[in-house]
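Notes to accompany the following structure.
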Amino acid sequence: MPMISQFATRLTFLLFTGWLLTACASNPYARTNKSYKKQVKAYARSLRTIPGNNPAEDSLMQGDYWVGTTNFNLRRANFVVIHHTAQNSTAQTLKTFTVPQTQVSAHYVIGRDGKVYHMLNDYLRAWHGGVSKWGNNTDLNSSSIGIELDNNGLAPFPEAQINSLLQVLALLKKNHNIPSANFIGHSDIAPDRKTDPNALFPWKQLADNGYGLWYDDMVPDTVGVLDITGLALDTVMKYNIPENFNPEEALRIIGYDTKDLEAAIRAFKLHFVQKDITVILTDEDKRILYSLYKKYL
Ligand SMILES: [Zn+2]
């Protein structure tokens with residue numbers, strides 16, 4: 001090898017080693033990343049076990065020999081659940097999600113500056129939903145991807161953060177084929193416990209981009225009120241909602257757990273009304289609910 005080429009090879013090697021050392025030294029999460037890798041290895045080992053060994057399977061009358069199918073792939077998430085962290089910084093949340101005692105995590109954490117931390121492979125189960133229900137789905141952690149937005153619980157969501165969120169959602173929708181209706185918030189699936197993301201979260205902007213459903217604007221009919229002579233006394237605005245419209249049933253059809261009806265109404269208003277989140281359904285709220293309900297039917 002000519003001298004100059006040998007020198008170049010050695011220099012490249014030194015530069016690479018230097019970069020590697022700096023990269024390792026500068027990652028404050030090197031230790032917990034090791035723990036991540038260890039856990040992933042254990043799951044990979046379990047997947048490689050042939051034949052598969054499930055709890056209590058020994059008590060079954062087994063077939064004469066092991067037959068593995070040739071046709072399968074990994075399970076995919078079918079929902080995306082959006083949260084605010086209710087913490088003071090991204091760093092605080094990264095810490096929370098890397099301390100075993102907290103028992104909480106999410107797949108993605110997005111900072112106010114738009115930086116995205118992908119903390120868990122999409123195919124693995126994060127612990128972000130807790131006790132939750134959406135429709136008949138009672139294990140959202142198994143079927144969803146959790147996204148935490150760094151937010152103290154009261155602040156608006158900066159543009160950089162929402163732009164990054166939209167990019168992450170685009171990837172998730174494409175990679176996992178998630179239906180538009182299945183982009184929801186933590187408060188939607190746990191209305192009696194959670195109020196995130198807060199009322200300043202731009203759900204309409206998300207829906208305009210295909211993530212989550214939104215109601216249609218409905219023009220009220222002008223209804224004339226006549227006196228006995230047939231002369232118009234007044235006109236009132238009336239939305240065309242059927243007499244027998246049942247808001248509780250509509251909330252349930254959309255997916256809300258209505259066991260605690262007031263909590264379900266509050267969660268619905270936090271997502272779709274936002275300007276007030278009282279537990280009273282105004283005519284306008286009912287109109288929004290009716291429009292959405294028809295989309296979910
Ligand atoms: Zn949450």
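We're numbering straight along the sequence, starting at 1. Read the numbers this way: they start at 1 and go in the same order the structure lists the ligands and their atoms.
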How many protein atoms of type N/O/S are positioned less than 2.8 Å from the Zn ion (ligand 1)?
->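 Step by step: take the Zn ion (ligand 1), keep protein N, O, S below 2.8 Å, and you get 3.
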Lys/Arg-Asp/Glu bridge criterion (N-O < 4.0 Å) met for Glu284, Arg287 |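 So Glu284 pairs with Arg287 through a salt bridge.
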Decide, yes or no, whether a salt bridge links Asp208 with Lys204 under the criterion of side-chain N to carboxylate O below 4.0 Å.
->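 Answer for the salt bridge query: yes.
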Residues in side-chain contact (heavy atoms from CB on, under 4.5 Å) with Leu297, at least two apart?
->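 Residues passing side-chain contact (heavy atoms from CB on, under 4.5 Å) with Leu297: Ile253, Tyr293.
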Does the ring centre of Trp214 sit less than 6.0 Å away from the ring centre of Phe272?
->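 Yes.
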Pairs meeting criterion salt bridge (charged side-chain N to carboxylate O under 4.0 Å, His left out) with involvement of residues 269-279, two or more places apart =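 As it turns out, the salt bridge (charged side-chain N to carboxylate O under 4.0 Å, His left out) pairs with a partner in residues 269-279, which skip direct neighbours, are Lys269-Asp276, Lys269-Asp285.
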Sequence neighbours excluded, every pair satisfying salt bridge (charged side-chain N to carboxylate O under 4.0 Å, His left out) that has a member inside residues 171-200 |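 Of all non-adjacent pairs touching residues 171-200, none passes salt bridge (charged side-chain N to carboxylate O under 4.0 Å, His left out).
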